[in-house]
Engineer: 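Please find one structure pasted underneath; my questions will follow.
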Amino acid sequence: VQGKGKNASAALTQLLEYLLKQLEKKDPQQVFAWPVTDAIAPGYSSIISQPMDFSTMKQKIEDNCYTTLKEFESDFELMCNNCMTYNQQDTIYYKAAKKLLHIGLKIMAPEKVLSLKRELP
Ligand SMILES: CC(=O)c1cc(-c2ccccn2)c2ncccn12
């Protein structure tokens with residue numbers, strides 16, 4: 001199957017940039033804004049094999065790394081699950097990830113995205 005046309009990938013970029021902004025608004029403490037360093041989280045890089053954060057997702061949108069919404073969603077879930085892997089359940093980080101994951105899946109639910117697609121130019 002021929003790759004997506006130019007305007008189709010431009011539409012996906014616009015959709016993903018919009019969704020990323022909505023997700024970032026749900027993280028006012030900016031817990032997920034930047035890559036987690038071993039300095040702030042001891043042993044992080046040996047526990048988490050595939051780190052992910054909002055700044056990396058933003059860069060991947062600009063670099064056209066995502067060809068489907070599903071790929072974007074799985075990076076979002078990876079980011080939340082990494083947090084729930086490294087941090088104990090009774091931490092603010094774990095609780096923030098659990099809440100963000102729940103909210104994020106609602107924002108990116110198919111019927112929500114469908115109504116978005118209609119409303120975006
Ligand atoms: C996302 C995550 O696991 C995380 C973010 C942070 C974080 C994020 C911004 C500022 C300070 N810390 C963090 N600190 C300790 C342990 C884990 N974390």
Side-chain angles (χ1 to χ4, degrees):
V1 174
Q2 198 244 346
K4 282 191 171 285
K6 251 207 292 291
N7 42 15
S9 65
L12 180 65
T13 297
Q14 188 191 19
L15 175 65
L16 296 184
E17 283 176 343
Y18 173 82
L19 290 173
L20 183 63
K21 280 201 183 86
Q22 299 311 306
L23 296 170
E24 288 174 322
K25 278 196 287 193
K26 305 294 182 185
D27 174 35
Q29 310 292 330
Q30 297 210 306
V31 163
F32 302 97
W34 310 106
V36 182
T37 61
D38 285 342
I40 59 164
Y44 193 85
S45 59
S46 44
I47 295 165
I48 298 299
S49 58
Q50 268 194 296
M52 189 47 64
D53 68 284
F54 280 140
S55 72
T56 302
M57 290 174 70
K58 171 87 180 143
Q59 193 57 57
K60 285 180 74 171
I61 295 173
E62 309 315 333
D63 298 345
N64 286 313
C65 291
Y66 300 117
T67 58
T68 64
L69 173 59
K70 247 205 178 347
E71 288 165 1
F72 176 82
E73 282 174 319
S74 69
D75 267 356
F76 171 73
E77 287 184 44
L78 170 65
M79 180 183 77
C80 296
N81 288 326
N82 285 343
C83 187
M84 294 191 281
T85 298
Y86 176 83
N87 300 283
Q88 302 299 318
Q89 283 190 6
D90 62 347
T91 59
I92 55 154
Y93 299 118
Y94 183 102
K95 290 173 183 150
K98 194 156 183 266
K99 190 173 165 209
L100 184 66
L101 179 60
H102 190 72
I103 295 171
L105 292 178
K106 281 206 175 91
I107 291 174
M108 294 188 283
E111 68 281 358
K112 278 277 177 45
V113 173
L114 201 60
S115 64
L116 260 183
K117 281 181 179 167
R118 290 203 185 97
E119 140 198 338
L120 291 174

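For clarity, every value in this text was computed on a predicted model and none was experimentally measured. Start at 1 and go down the list; that is how both ligands and their atoms are numbered.
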Engineer: Among all protein heavy atoms, pick the one closest to atom 12 (N) of ligand 1 and tell me residue, atom and distance.
Structural biologist: Tyr93 OH, 3.3 Å

Engineer: Among all protein heavy atoms, pick out the one at the shortest distance from atom 2 (C) of ligand 1; state its residue, atom name and that distance to 0.1 Å.
Structural biologist: Val36 CG2, 3.6 Å

Engineer: Considering only heavy atoms, does Ile40 approach ligand 1 within less than 4.0 Å through its side chain, its backbone, both, or neither?
Structural biologist: both

Engineer: Is it true that Glu71 and Thr67 share a donor-acceptor pair across their side chains at a distance under 3.5 Å?
Structural biologist: yes

Engineer: Among all the protein's non-hydrogen atoms, which is closest to atom 9 (C) of ligand 1, and how far away is it?
Structural biologist: Gln30 O, 4.0 Å

Engineer: On the 0 to 90° scale, with breaks at 30° and 60°, tag the Phe76-Phe54 ring pair as parallel, tilted or perpendicular.
Structural biologist: parallel

Engineer: Checking the side chain of Asn87 only, and the main-chain atoms of Ile92 only, is there a donor and an acceptor separated by less than 3.5 Å?
Structural biologist: no

Engineer: Within this structure, what is the CE-CG distance for the pair Met79 and Leu100, rounded to the nearest 0.5 Å?
Structural biologist: 5.0 Å

Engineer: Would you say atom 5 (C) of ligand 1 has a protein heavy atom nearer than 4.0 Å?
Structural biologist: yes

Engineer: Closest non-hydrogen protein atom to atom 8 (C) of ligand 1, residue and atom name please, with distance?
Structural biologist: Val31 O, 3.6 Å

Engineer: Is there side-chain contact between Tyr94 and Gln88, with heavy atoms separated by less than 4.5 Å?
Structural biologist: no

Engineer: Quick one: does ligand 1 sit under 4.0 Å from the side chain of Asn87, the backbone, both or neither, non-hydrogen atoms only?
Structural biologist: side chain

Engineer: Can a donor-acceptor pair be found between the side chains of His102 and Lys106 at a distance below 3.5 Å?
Structural biologist: yes

